[in-house]
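A, B, ... follow the sequence lines: proteins, then strands. Residue 1 opens every chain.
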Amino acid sequence: MTSLELGPPTSRARIRRLREKLLGWYDTNHRDLPWRRSRDPYAIWISETMLQQTRVETVIPYYERFLARFPDIESLATADRDDVYEHWAGLGYYSRARNLHNAAQMMVGDFEGRVPEQAEDLKKLPGVGRYTAGAVASIAYGQPEAVVDGNVIRVLTRLLDIRSDVAQKNVVERLWHEAGALALGERPGDFNQALMELGATVCTPRSPRCKPTCPLVRMCHSYAKGDVESLPNKPKNKKPRPVEAVAVWIPRRERILTVQRPETGLLANLWELPGGELPPKAEAKDHVEQIVRERVGLSLLSPTYAGTVEHVFTHLKMQLHLFRTAGAEGRVRNGGHQAHQWIAPDRFDDLPVSTLARKAFELLQ
DNA sequence: GAATCGTGGAA
DNA sequence: TTTCCAAGATT
């Protein structure tokens with residue numbers, strides 16, 4: 001890779017000018033977000049974790065509920081796992097909930113019950129990577145640490161006209177280096193947030209508001225070239241792989257059977273109606289009885305097809321075929337799930353369940 | 001480096 | 001309908 005492809009170097013004068021413009025813009029234009037009203041490192045850590053790959057508008061209600069229920073490290077560390085998951089259900093990427101819970105316990109055990117101040121220590125916590133460590137260290141503790149997220153990648157590749165594929169490791173390293181140089185100085189937390197805020201509200205993926213809104217438009221190399229929107233240069237996403245599965249409604253004495261998914265993998269630790277994946281090209285009604293027998297050890301009584309719900313995950317496009325039954329014979333046996341529970345249908349909502357499981361329940365109810 | 005891991009909003 | 005994608009971390 002040549003330096004030409006990497007775009008122009010960043011001079012000290014240019015850095016100073018950029019910092020002043022961006023911080024000035026941020027002071028009068030930043031959004032009033034719940035976590036910006038707090039200086040509590042714990043609250044900032046929770047918000048940064050929730051914001052991973054998740055939109056601000058989606059996070060806000062979850063953040064409010066979570067902080068109300070678990071206001072500090074101690075309350076989170078001592079909470080039941082299902083209680084934590086109930087407050088995460090629907091937000092996605094559930095390993096974040098498990099990691100938060102474990103990290104809170106690690107803070108109690110290894111960090112005197114506090115959120116660590118150093119990025120190096122923060123990264124020892126499960127679920128805290130390079131970005132989150134830099135964000136918490138700079139925003140909560142004023143440390144001169146950089147952040148590079150999707151917003152920063154977009155802003156910096158455009159500003160510096162970096163046209164190389166941002167999936168390449170050395171390109172990302174260059175961006176961390178640039179962001180690191182920029183974060184040095186006063187108010188590193190505000191500056192990092194300003195960079196992200198610009199990406200979120202002005203330097204957007206499509207139809208960026210360069211003129212007259214962007215405070216950096218006169219320093220922006222891709223704008224000067226007249227090609228802002230094609231940056232950043234990133235590889236196309238793969239299409240989700242089609243998958244089919246079955247799930248069944250099994251009543252017994254005014255209750256239905258629910259099972260808890262395994263500790264790891266897709267939708268880990270969440271509850272759902274029993275069922276399982278279909279072999280490729282298989283017909284759901286030909287396999288539903290066998291799948292349920294293997295998974296929970298029950299023989300279904302007159303299963304009837306009730307409908308199909310579709311749900312798209314990042315890498316899966318799932319069709320879930322649903323069946324009602326008159327009940328089932330046998331004793332529940334563990335066939336992969338962690339636990340099972342016969343619950344009243346009107347209490348299904350109290351369990352930590354995924355959006356897919358909710359769709360299935362809604363259709364069958 | 002590539003896959004895995006959710007969800008819902010926008011164009 | 002399709003596509004992209006949003007304050008990433010982990011394996």
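Look at the C1' atom in both B:dG8 and C:dT1: the space between them is 16 Å, to the nearest Å. Taking atom P in both B:dA3 and C:dC4, the straight-line distance is 16 Å, to the nearest Å.
A straight line from CG of A:Asn233 to P of C:dC4 spans 13 Å, rounded to a whole angstrom. With rounding to whole Å, A:Lys317 atom NZ is found 13 Å from C:dC4 atom P. For the pair A:Trp45 CH2 and C:dA9 P, the computed distance is 13 Å after rounding to whole Å. Separating the CZ atom of A:Arg154 from the P atom of C:dC4 is a distance of 15 Å, rounded to the nearest angstrom. Distance, A:Lys236 NZ to C:dC5 P: 11 Å, rounded to whole Å. For A:Asn102 and C:dT10, the CG to P distance is 11 Å, given to the nearest whole Å. To the nearest angstrom, P of C:dA6 lies 17 Å from CD1 of A:Ile60. Counting to the nearest Å, the C1' atom of B:dA2 and the CG atom of A:Asn237 are 13 Å from each other.
Taking the centre and axis of the six-membered ring of A:Trp342, the NZ or CZ atom of A:Arg253 falls outside the cone set by 45° and 6.0 Å.
Base engagement by A:Trp35 is indicated by at least one non-hydrogen atom pair under 4.0 Å involving a base atom. Contact annotation for A:Ile153: no contact, since no heavy-atom pair falls under 4.0 Å across all strands. No engagement by A:Ser207 is indicated, since no non-hydrogen atom pair under 4.0 Å with the nucleic acid exists. A:Arg31 comes within 4.0 angstrom of a nucleotide base, judged by non-hydrogen atoms across all strands.
Residue pairs satisfying the side chain to side chain donor-acceptor pair (under 3.5 Å) criterion with at least one member in residues 231-252 of chain A, sequence neighbours excluded, are listed as follows: A:Glu244-A:His321.
A:Lys239 has a side-chain polar atom (N or O) that falls below the 4.0 Å cut-off from OP1 or OP2 of C:dT3.
Residue A:Glu197 is the one, among A:Leu125 and A:Glu197, whose nearest nucleotide of DNA chain C lies closer to the 5' end (criterion: closest heavy atom). With DNA chain C read from its 5' end, the first of the two nearest nucleotides for A:Val56 and A:Lys123 is the one closest to A:Val56.
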Going 5' to 3' through nucleotides 4-11 of chain B and flagging B where a protein heavy-atom sits under 4.0 Å of the base, S where only the sugar-phosphate is that close, and - otherwise, we get SBBBBB--

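In this structure, A:Asp110 does not pair ionically with A:Lys124, as no charged nitrogen and carboxylate oxygen lie closer than 4.0 Å.
Proximity of a side-chain donor or acceptor of A:Arg163 to a complementary backbone N or O of A:Leu231 within less than 3.5 Å is not detected.
Separation of atoms CZ (A:Arg96) and CE (A:Met50) is listed at 8.0 Å; rounding is to 0.5 Å.
A:Phe66 pairs in a ring pair (Phe, Tyr, Trp, His ring centres under 6.0 Å) with only one of the listed residues (A:Tyr62, A:Phe70, A:Tyr63), which is A:Phe70.
A:Leu257 and A:Leu356 fall into different hydrophobic clusters, defined by Ile, Leu, Val, Met, Phe, Trp and Tyr side-chain heavy atoms under 4.5 Å apart, directly or through other members.
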